[in-house]
Amino acid sequence: MVPLKRRKVSLSGTLNAGTHSSGLTEPTKFPHIVLFLLERKMGASRRAFLSQLGRRKGFQVQELFSENVTHVICENNSGEEVRMWLESQRRRQAKLHLLDVSWYTESMRDGFPVEILDRHKLQDLVVNDLEVIPFSLPSYACQRRTTLENHNTLLTDALSLLAENAELSNEDGRGVAFRRAAAVLKALPSAVTDLSQLTGLPCLGEHSLRVIKDILKNGASSEVQSTKESERFKALKVFTGIFGVGSKTADRWIREGIHNLQQLRDSGHTLNRAQQAGLEHYDDINQPVSMAEADAIRETVGGAVASVLPGAQIVLTGGFRRGKLTGHDVDFLITHPEEGCEVGLMPKLVSWLDSRGLILYQKTTRNSYLESKDGPGRPPANIDRFERCLAIFKLEVQSEKHVKSQSGELCQHLQTEAVAERRWRAVRVDLVVSPVSQFAFALLGWTGSKLFERELRRWAGHERSMSLSSHALYDNKQGRYIRAFSEEEIFAHLGLEYIPPSERNA
Ligand code: CTP
Ligand code: MN
Ligand code: MN
């Protein structure tokens, strides 16, 4: 009956590393106990509340399931269900306690981990420590948590390069195959050391496996190497680096014997307005946008939105919402809490910005989305209101290389000499306006990553017989649209565990 109560001063690394620790988090009192609360059936908000409570009481409660976890806490789950979930998360671990939430709440009440009684046990599970443990993952990227950092960057960089090359060569099928393979490796809990660990993993085709094998054996892949160095790949990269130029146009130029920007300028080709702007601001646009620059643009656009439509709301989407530190552009989604108020916002916003000299190029497209046309159902309200603007902004930059960001810390602007000299730079910006009834779908759709989005749609179609877009979710079986007002609700409707933006980096 003696509870496992340890009052030792915590060892290094036990201060709830990796969790969003608040000032309320106590140092770990029980360093040998690492808890993980299963969100399934418990729900995200109750899980967050219970996790916080635990941390305040000095327990280590981990946000993510890892091999350090010693106790899994579940609510309203059967042993069978949890075992199946564990199967999909397989990690190297000796003994794992699968406990009902009652053990947790009693431990919270007493302030220490109470003795585990039979009634607390869901199931005692022993997983053998095998020599080489094959990895196991669910097949869709939207069922997995993929952070920005991964344990296999050598492999994922290689596969991503092959994906990029395939996409630039208009071989979309091959591109997706390489992206999926890379995404699987990004989600692995540790580095791959042996090809045998990959047996049974989804989405690893023959070609990808060959590349992986090469890298594991020789430290590099000759195919990746020669692709990277090929004149064609280099030229495709240069040309598609021009805003407004896609792989088809780039390919045509290459076939005409044009291989660099100077040759393109000399060729006398007529470029459209987007391409002209793209060529003019080529260096700036191909310079990554920093978080500080995204913040600055957020301020400007936020101010503009507030003055043309008070009450309108703006959120940063795209890679920055997923926690990326740099991006190729800055993506914003704008809405108004009152349905219909957002109509006509985009032209007003653009002319506000334009009249202040903040826009170097822009093209606004009205969205042609019509639920009654696009889907078989005939729901009301949201008709043809989704607008988007692809723009090149003129961003003022301070001449100093270091400036204070909003949060006060010093951060480095990724600026070139030329930019420092002229005190402004061109930045690609995407603006999207959505009616509030579609906001959750637009937010989910514009947060990315591109593969994560693709996988969500594939999951919806293949596994749920639903169609997901940035506007709506349609249930093909029931023949109706499913409303949702948050991303959490959409995941729930799709029968998926909620994945936060920072873990959608597939
Ligand atoms: N998107 C879209 N329709 C487009 C272009 C983009 O729905 N015509 C979505 C993509 O699916 C992605 C998001 O917008 O989810 C952001 O796209 P993009 O800015 O291209 O990519 P990021 O992930 O933001 O990467 P980066 O940081 O390089 O900008
Ligand atoms: Mn982006
Ligand atoms: Mn974008």
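In each ligand, atom 1 is the first atom listed, and ligand 1 is the first ligand listed.
A donor-acceptor pair under 3.5 Å is formed between the side chain of S88 and the backbone N or O of W85.
Paired with D284 under the rule side-chain contact (heavy atoms from CB on, under 4.5 Å), one option of K394, R428, R425 passes, and it is R425. With R504 as the partner, the side-chain contact (heavy atoms from CB on, under 4.5 Å) test is satisfied by one option alone out of L451, T147, T146, L444: L444. When each of S449, S502, P500 is tested with R322 by the rule side-chain contact (heavy atoms from CB on, under 4.5 Å), just one qualifies, namely S449.
For R322, the closest heavy-atom approach to ligand 1 falls below 4.0 Å.
Around the Mn ion (ligand 2), the protein contributes the following N, O or S atoms under 2.8 Å, ordered by chain and number: D329 OD1, D331 OD2.
Of all the atoms in ligand 1, the ones that sit under 4.0 Å from a non-hydrogen atom of D329 are 19 (O), 29 (O).
Nearest protein heavy-atom contact of atom 20 (O) of ligand 1 is K450 NZ, 2.7 Å. Distance from atom 27 (O) of ligand 1 to its nearest protein heavy atom, with residue and atom name: K324 NZ, 2.9 Å. At the top of the distance list for atom 13 (C) of ligand 1, counting protein heavy atoms only, stands W446 O, 3.4 Å. The single protein non-hydrogen atom nearest to atom 24 (O) of ligand 1 is G319 N, 2.7 Å, given as residue, atom name and distance. For atom 28 (O) of ligand 1, the closest non-hydrogen atom on the protein side is H328 ND1, 3.0 Å.
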- Task: Check the pair H207 / E223 against side chain to side chain donor-acceptor pair (under 3.5 Å), numbers first and verdict last.
- Result: CA-CA 11 Å; H207 196 157; E223 185 185 358; 2.7 Å; yes

- Between T227 and N165, is a side chain to side chain donor-acceptor pair (under 3.5 Å) present by the stated rule, with each step listed? CA-CA 8 Å; T227 303; N165 183 53; 4.6 Å; no

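Residue-environment remark: NZ (K234) exceeds the threshold of 12 foreign heavy atoms within 6.0 Å.
Between D214 and R210 no salt bridge is recorded (no basic side-chain N to carboxylate O distance below 4.0 Å).
Only side-chain heavy atoms of E453 come within less than 4.0 Å of ligand 1; its backbone N, CA, C and O stay farther off. Proximity of R388 to ligand 1, defined as any heavy-atom pair under 4.0 Å, is confined to the side chain (atoms from C-beta onward).
The side chain to side chain donor-acceptor pair (under 3.5 Å) pairs that include a residue from residues 171-180 are E167-R179, E171-R174, R180-E455, where partners are two or more places apart or lie in different chains.
Considering backbone and side-chain N/O atoms, S470 never comes within less than 3.5 Å of an N/O atom of ligand 1. Considering backbone and side-chain atoms alike, G445 places an N or O below 3.5 Å from some N or O of ligand 1.
Ring planes of F36 and F65: perpendicular class, angle over 60° (limits at 30 and 60°).
Between R47 and E63, the closest heavy-atom pair is NH2-O, 2.8 Å.
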